[in-house]
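What follows is a single structure, written as structure tokens, with notes after it.
For the single chain, residues carry numbers from 1 onward in sequence order. Both backbone and side-chain heavy atoms feed into the values below; hydrogens, waters and symmetry mates do not. Source: prediction; values computed, not measured. In each ligand, atom 1 is the first atom listed, and ligand 1 is the first ligand listed.
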Amino acid sequence: MKKKIVSFLVSGNGSNFQAVAEKILNGHIHAEPGIVISSSSEAFALERAKKLGIKSIAIEPKNFISKDDYEAEMIKHLNLCKTDLIVAAGFMRILSPKFIQKFRNKIINIHPSLLPAFPGKNAQQQALDYGVKITGCTTHFIDEGVDTGSIIMQSAISIDVNDNINTLSTKILKEEHKILINSVKLFCEDKLVIERRKVFEKNFNAKK
Ligand code: GRF
């Protein structure tokens with residue numbers, strides 16, 4: 001099977017990007033790295049990309065007259081490397097319906113809560129403030145809503161009485177890396193089946 005090209009949208013630390021990129025580079029994920037596009041030139045994710053030898057570029061919204069122009073620049077670079085899958089890994093911008101339509105079911109996002117609980121920013125703090133006993137993380141395809149796309153994978157963790165935002169975020173981040181790697185791997189092996197709102201893993205053994 002031809003290797004898919006996986007590109008990344010990042011804004012900050014980039015640990016999710018690195019977790020997936022390392023599995024692509026060591027062959028665990030049947031893919032080639034495309035480009036890392038950061039919405040901030042300060043993002044540590046750009047350092048990580050350099051160290052991994054993966055092409056990267058900062059495309060900052062503030063340098064464009066309109067969102068349309070900003071996204072057109074991103075699309076240009078994504079198409080230049082023939083991107084098959086976009087991984088939004090700690091990407092803090094909202095993509096337009098036009099962009100999402102262009103890459104329908106080809107953008108995977110990682111979110112640090114069990115969606116549909118606690119969408120949007122600071123999901124870990126939302127969970128702590130609400131007092132839930134179980135939270136976790138979710139991978140999903142990005143659609144026109146905020147964290148409302150079809151869910152691919154989830155992992156749950158318990159919130160312990162002594163947890164604070166740092167200990168909880170660290171626990172969730174470990175699970176984020178795991179489910180993002182597995183979600184990207186399944187996509188690159190053409191094993192994800194999407195039926196309206198639901199995503200299933202194609203089970204090749206079913207027919208035996
Ligand atoms: C993660 O919790 C991610 O879900 C959130 O930002 C945190 C850092 O992600 N969006 P990363 O290290 O930049 O991948």
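- Contacts between Ile172 and ligand 1 below 4.0 angstrom, taking non-hydrogen atoms only, are absent altogether.
- Looking at Asn26 and Glu22, their side chains never bring a donor and an acceptor atom within 3.5 Å of each other.
- For ligand 1, the atoms closer than 4.0 angstrom to any heavy atom of Gln124 are 2 (O).
- In terms of protein heavy atoms, atom 13 (O) of ligand 1 is closest to Gly14 N, 2.8 Å.
- We find that Asp143 and Arg104 are not joined by a salt bridge, their nearest charged nitrogen and carboxylate oxygen being 4.0 Å or further apart.
- Nearest protein neighbour of atom 12 (O) of ligand 1, counting heavy atoms only, is Ser15 OG, 2.6 Å.
- Ligand-side atoms of ligand 1 in range of Asn13: 12 (O), 13 (O), range being under 4.0 angstrom from any heavy atom.
- Residues that satisfy the side chain to side chain donor-acceptor pair (under 3.5 Å) test with Glu176, not counting sequence neighbours, are Asn16.
- Take Ser158 and apply the side chain to side chain donor-acceptor pair (under 3.5 Å) test, not counting sequence neighbours, and it matches Asp160.
- Those atoms of ligand 1 with a heavy atom of Gly90 less than 4.0 angstrom away are 10 (N).
- If you take OG on Ser7 and CZ on Phe17, they are separated by 10.0 Å, rounding to the nearest 0.5 Å.
- Defined by atom type and a distance below 3.5 Å, a donor-acceptor pair is present between the side-chain atoms of Ser15 and His177.
- Remark: the Ser11 side chain and the Ser40 side chain contain no N/O donor-acceptor pair separated by less than 3.5 Å.
- At the top of the distance list for atom 3 (C) of ligand 1, counting protein heavy atoms only, stands Glu176 OE1, 3.1 Å.
- The nearest heavy-atom contact from the protein to atom 7 (C) of ligand 1 is Leu173 CD1, 4.6 Å.
- Atom 9 (O) of ligand 1 has as its closest protein heavy atom Asn16 ND2, 3.6 Å.
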